Protein chains: 2
Amino acid sequence: MWDDTPVPSKPSTGETGAAPGSQTLLRGLAILEAVAGGARDLPALSAALGTTRSTTHRLAAALVERRYLTFAPREGYGLGPKLLELGFRAQQAAPVTRVARPHLERLSAECGDTIHLGVLEGDWALYLDKLPGRRRIEISSRVGERQPVWSTGLGKALILDLDETRWRHFYRLGEARGGHSPDLATWLDRMRTYAARGIAYDREENEPEVRCVAGPIRDAGGAIVAAFSVTSTVQYMDEARMEALAGTVRAVAGAISRDLGWAG
Amino acid sequence: MWDDTPVPSKPSTGETGAAPGSQTLLRGLAILEAVAGGARDLPALSAALGTTRSTTHRLAAALVERRYLTFAPREGYGLGPKLLELGFRAQQAAPVTRVARPHLERLSAECGDTIHLGVLEGDWALYLDKLPGRRRIEISSRVGERQPVWSTGLGKALILDLDETRWRHFYRLGEARGGHSPDLATWLDRMRTYAARGIAYDREENEPEVRCVAGPIRDAGGAIVAAFSVTSTVQYMDEARMEALAGTVRAVAGAISRDLGWAG
DNA sequence: AACAAGATCCCACTATATGGGATCGATTGG
DNA sequence: CCAATCGATCCCATATAGTGGGATCTTGTT
């Protein structure tokens with residue numbers, strides 16, 4: 001379950017990064033994403049792609065025929081069952097998801113907060129699963145999406161075992177794309193604390209009002225292969241609750257890890 | 001196992017349904033499905049598509065670049081995070097799934113059998129969700145897949161409210177594609193019983209050894225919008241257990257329906 | 001070190017996708 | 001009730017975008 005993001009190395013042909021030779025395929029995928037983004041009818045799709053009705057219609061029709069999209073006369077286009085199937089398979093491909101699910105369900109029922117499960121994919125934290133939680137607040141995150149490692153509790157839990165050189169690397173990645181809240185020294189200092197306790201926090205460092213507690217999941221070899229986080233707004237997450245959650249999170253993380261063969 | 005497109009004996013009219021004009025897109029989708037089917041490297045993909053290395057590579061590269069596939073030097077291709085995201089969204093698009101999940105999780109924990117959630121899509125039962133269960137037996141079904149209505153417990157639960165004319169229609173669909181176990185009269189008779197009790201069974205009618213109990217889920221208007229089934233092999237499902245499960249299934253079906261606004 | 005297998009790149013040819021426009025069906029409103 | 005509108009679907013001449021053979025590079029194997 002690894003994937004490194006290739007860095008565009010050809011400055012000659014322009015910055016687009018779009019390797020030509022598959023226009024039709026890319027347009028088809030763009031349609032999928034446009035529909036996921038809420039486009040319901042042909043004009044909307046044409047606008048999103050910048051193609052004519054004809055072309056858009058032909059591609060959309062092919063996607064419907066292959067069940068990647070659904071089409072209903074009065075409602076327009078929707079995401080199709082084939083995506084359900086492929087998405088489900090992609091999720092099952094990572095054994096972590098299947099093993100962690102029941103544990104996280106139980107935790108979710110118990111604490112009522114939003115729970116995320118994720119892995120390290122290249123320099124990013126990739127969300128594999130999400131359990132919404134009972135509160136009416138909506139945490140804006142999506143399964144399949146990438147988040148910066150340095151700023152999220154989940155990301156920090158994923159790199160708990162790495163050395164300081166690598167920690168700096170992740171901090172620098174964040175620096176490159178916009179200002180940080182904490183300076184390097186503070187951030188490293190916190191990471192050291194998190195590493196020592198085997199739990200990572202996020203105290204509104206990234207998003208105001210949003211706090212979370214995250215724990216690392218280890219495989220049989222003891223390596224961190226995934227992490228999960230319990231997220232809520234500050235009103236449900238005072239210092240006392242975070243401390244209490246730390247214990248729970250550590251216990252659940254241990255249970256999942258043991259299911260993966262971890263002996264620690 | 002395969003999503004087959006039936007090949008007509010007479011290729012005169014080109015009945016394949018493949019609307020030309022999107023070869024590249026269709027090939028790209030075929031790659032996705034080949035990878036889902038286990039193809040790991042370029043030669044395997046080329047063979048599955050019947051295209052040259054070049055073409056296959058270009059399409060696969062585009063899919064990797066768009067995160068629909070992953071590629072790792074030693075492991076080859078895999079389904080990518082984008083599919084996770086789209087699949088998750090497709091699932092959330094049906095509110096039933098979200099509402100039913102917690103109830104089904106609880107039921108799953110309680111009974112340990114495989115549970116399916118599905119809706120009626122045209123003349124088919126479409127699987128929306130699947131909870132594996134604790135037994136080591138594997139029920140071969142996939143989320144996003146379609147099953148015949150007439151032969152599965154889930155399918156029969158979906159059409160419980162329809163009239164006999166429509167029942168006959170579904171029975172005829174099955175007849176067209178291979179022999180039935182029960183004759184029409186028997187089948188209709190059973191359907192009447194199921195309808196009267198508000199629960200559908202499948203007593204190895206479809207697959208030997210496989211039995212299930214299925215219940216209908218109703219929306220605020222009382223219409224059946226989905227159904228779920230508890231499936232197991234006959235060794236875990238004697239008559240007594242089926243009777244016991246009927247009560248549980250009816251209760252859970254009612255609870256989910258009430259969450260959807262049903263007042264019954 | 002030479003070999004083998006797979007991935008990646010390149011380029012001339014043509015099969016393939018493109019978009020303008022015509023058609024058709026359903027909704028809206030006058 | 002008919003006219004106008006909007007969206008979906010179909011058709012076809014054109015050139016553009018995709019194809020595949022082969023060269024090249026990378027990585028693991030004997």
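These numbers were taken from a predicted model, which means no experiment stands behind them. Each chain gets a letter, A, B and so on, in the order its sequence line appears, and its residues count up from 1.
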Out of [options], which has the shortest distance to the side chain of [X]?
X	options	answer
F71(A)	dT9(D), dT18(C), dA7(C)	dT9(D)
H57(A)	dT9(D), dG19(C), dG21(D)	dT9(D)
R58(B)	dG20(C), dT19(D), dG28(D)	dT19(D)
T52(B)	dG19(C), dG21(D), dA8(D)	dG21(D)

What contact category does [X] fall into here, base, sugar-phosphate, or nothing, at under 4.0 angstrom with non-hydrogen atoms?
X	result
T55(B)	base
P73(A)	nothing
R27(B)	sugar-phosphate

* Structure fact -> Whole-Å distance, R53(A) CZ to dC12(D) P, equals 19 Å
* Measure from CG on L59(A) to C1' on dC10(D) and round the result to the nearest Å. => 15 Å
* Hey, which of these two, A61(B) or Q23(B), hits DNA chain C nearer its 5' end, going by closest nucleotide? ->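 Looking at the nearest nucleotide for each, A61(B) comes out on the 5' side.
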* Counting N and O atoms only, with roles assigned by atom type, does the side chain of S229(B) sit under 3.5 Å from a partner on the main chain of A214(B), one being a donor and the other an acceptor? ->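 No, S229(B) side chain to A214(B) backbone: no donor-acceptor pair under 3.5 Å.
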* To do: Find which nucleotide of DNA chain D each of S54(A) and R74(B) is nearest to by heavy atoms, and output the residue with the more 5' nucleotide.
  =>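 Nearest nucleotide further toward 5': that of S54(A).
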* Applying the side chain to side chain contact (heavy atoms under 4.5 Å, CB included) test to R27(A), which of T56(A), L45(A), L59(A) qualifies? -> L59(A)
